[in-house]
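Dropping the structure in here first, questions after.
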Amino acid sequence: MPQALERAEGGWAWVVLLATMVTQGLTLGFPTCIGIFFTDLQHEFQASNSETSWIPSILTAMLHAGGPLCSILVGRFGCRVTAMLGGVLASLGMVAGSFCHTLNQLYFAVGFISGLGMCFSFQSTIIVLSFYFNRRRVLANALASVGGSLGITLWPLLARYLLENLGWRGTFFIFGGVFLHCCVCGAILRPVATSAAAETRERPPPPPKTPTRGCLAACGWALQRHLGFDIFWHNAGYRVFTLGVMWMILGFPLPHVFLVPYAMRHGVDEHRAALLISIIGFSNIFLRPMAGLLAGRQDFAGHRKYLFSLAILLNGLTNLVCTASADFRVLVGYCLVYSVSMSGIGALLFQVLMDVVSMDQFSRALGLCTILESISILVSPPVAGLVLDTTNNNFSYVFCMSSFFLISAGLFMGGSFCALQKKEKRGRQAEAEAAATEAALERALTVEGPRSEKQLCTEVMYVTSV
């Protein structure tokens, strides 16, 4: 029996927003606490920095790369079922990871299965939230991102406490139970009555009337339908955004993975090192809503792309602080400044994407963007781990690497958006001038017509008289 659809911007929208906040806290916050297990996993499996870095790398890559598959499941079964399936997969992966005896098994269980489950839960809530909110969409996205900040604050503290008392295997087992809360949040995602409600329907689509396609053609059709390659080709703004974010991601996750090992290597106590990540998360709880409210003002509507580029640039410049000093007080100051730029990136990321593409294209554009991001995420931490292995654990090179990608991405996106805006402005001016010229020509022809006729008659009479 089909269920009644909820009304957009209604009372249930705020319940969905709360579920989205909790889901983001569970899914986006978790990868930041993997650095706490870094040393224990290295000792357990006798692994190098590069080999251990593949765990958060695969986990975070799957969190993004599963976007197209998530879009297919959302279109087929709805956001509610997809989010609940994600909670089950995330839980099973962590429980299986607690019994792993090799790094390859851990890559598959924690990295692939849990990462894919987190993707299903996270992206389902993002998609349904974009349908529940129209006028307050910027604020809703900013408030939802507060959940990620809460996760970044609480996950390291919980992980540190459980690791000391249960070891990493017992901690992963407990985490499996924690991720079942994604199923509870998914149950809240009722379908919403909008013009795009087809994206969140609870029944499968009608069977196609076309003849059965071959396997290759079906795969091509599915890619075309759920990945926005045509948007990437024809929309210059989306192309700049996707390439810029893809380049940015090569440096953005590195502080989350390596800040705790870096601090511990320079003599900072384990508890205080874990507290650094929590400081970043706690600061974002207050900074992200402020960034969302600022970006949501009508005065800044046309400048959100530049604010996003500026936040990326500031994030890259901030990471250079870690190359200068590893003193705990300096690192605390670094975390506070880093939180300002990170809050801007988190609050504006999805909103800028919504600005450069229309809402009917958002799901496909998000799917392509996230799968391209996953390539960067998959490569970045292992390459940074390889740099550590070849430089005798000199973390300064890692933070310099992070700064390079972030600074260059911010400059590229800011400059490209500015060039596109100027080109668009020149195009509008040319169209206006052409329209004005055409209107003037039409008026001139209208006025000159009778005069030409009278002049012609005069000439004919003159010749005849002669």
Quiz prompt | Y397 atom OH, over 12 foreign heavy atoms within 6.0 Å | solution = no
Quiz prompt | Min side-chain heavy-atom separation L162-N165 under 4.5 Å | solution = no
Practice problem: Step through the shown structure and confirm whether more than 12 heavy atoms of other residues, nucleotides or ligands are within 6.0 Å of CZ on F232. | Solution: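 Yes, CZ of F232 has more than 12 neighbouring heavy atoms, counting only those of other groups under 6.0 Å.
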Exercise. For residues M342 and H256, determine if any side-chain heavy atom of one lies less than 4.5 Å from a side-chain heavy atom of the other.
Key: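 Result yes, sub-4.5 Å side-chain heavy-atom pair found.
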Self-check item: Centroid separation F399 to F258 less than 6.0 Å
Solution: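 Between F399 and F258, the centre distance exceeds or equals 6.0 Å.
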Quiz item: Any sub-3.5 Å donor-acceptor pair from N284's side-chain atoms to G148's backbone N or O?
Solution: no
Self-check item: Exercise: identify the closest heavy-atom pair between A90 and S114
Solution: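 Answer, listing the atom of A90 first, then S114: O-OG, 3.1 Å.
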Quiz item: Taking atom CZ of F328 as the centre, does the number of heavy atoms from other residues, nucleotides or ligands within less than 6.0 Å exceed 12?
Solution: yes
Self-check item: F99 ring center within less than 6.0 Å of W168 ring center
Solution: no
Quiz item: Taking C-beta and beyond as the side chain, do R190 and V16 meet within less than 4.5 Å on heavy atoms?
Solution: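 Side chain of R190 against side chain of V16, heavy atoms only: no contact under 4.5 Å found.
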Practice problem: Taking the side chain as every heavy atom from C-beta outward, state whether L259 and I280 have any atom pair closer than 4.5 Å. | Solution: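 Of all side-chain heavy-atom pairs linking I280 with L259, at least one is under 4.5 Å.
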Quiz item: Do L89 and F120 touch side chain to side chain, with heavy atoms closer than 4.5 Å?
Solution: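 Contact flag for L89/F120 side chains = yes.
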Quiz item: Under the 3.5 angstrom rule, does the side chain of S57 hit a backbone N or O of S53 as a donor-acceptor pair?
Solution: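 No; judged by distance alone, with no hydrogens or angles, the pair does not exist.
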Quiz item: With distance as the sole test, does Y262 use its side chain to make a donor-acceptor pair with the main-chain N or O of V398 at under 3.5 Å?
Solution: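 Here the side-chain-to-backbone pair does not exist.
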Quiz item: Is Q351 close to M354 at the side-chain level, that is, under 4.5 Å between some pair of heavy atoms?
Solution: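 Yes - at least one pair of side-chain heavy atoms lies under 4.5 Å apart.
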Quiz item: What's the shortest heavy-atom distance between G244 and A409, and which atoms?
Solution: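 In terms of heavy atoms, the two residues are closest at O-CB, 3.7 Å.
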Quiz item: Can you tell me if S408 and W247 form a side-chain donor-acceptor pair at under 3.5 Å?
Solution: yes
Practice problem: For the residue pair Q421 and Y306, confirm or rule out a side-chain donor-acceptor distance under 3.5 Å. | Solution: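 Yes, Y306 and Q421 have a side-chain donor paired with an acceptor closer than 3.5 Å.
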Quiz item: Just by distance, do the side chain of S341 and the backbone of Y338 share a donor-acceptor pair under 3.5 Å?
Solution: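 Yes, S341 side chain to Y338 backbone: donor-acceptor pair under 3.5 Å.
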Exercise. Looking only at non-hydrogen atoms, find the nearest pair between F417 and G237 and report the distance.
Key: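 Heavy-atom minimum between the residues: CE2-O, 3.8 Å.
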Practice problem: Using distance alone, with no hydrogens and no angle criterion, decide if S402 and N319 have a side-chain donor and acceptor under 3.5 Å apart. | Solution: yes
Quiz item: Does a donor on one side chain sit under 3.5 Å from an acceptor on the other, for E44 and H101?
Solution: no
Quiz item: Is the F175 to F30 ring centre distance short of 6.0 Å?
Solution: yes
Quiz item: Is there side-chain contact between M413 and F241, with heavy atoms separated by less than 4.5 Å?
Solution: yes
Exercise. Using a 4.5 Å cut-off on heavy atoms from C-beta on, say whether the side chain of S396 contacts that of C322.
Key: no
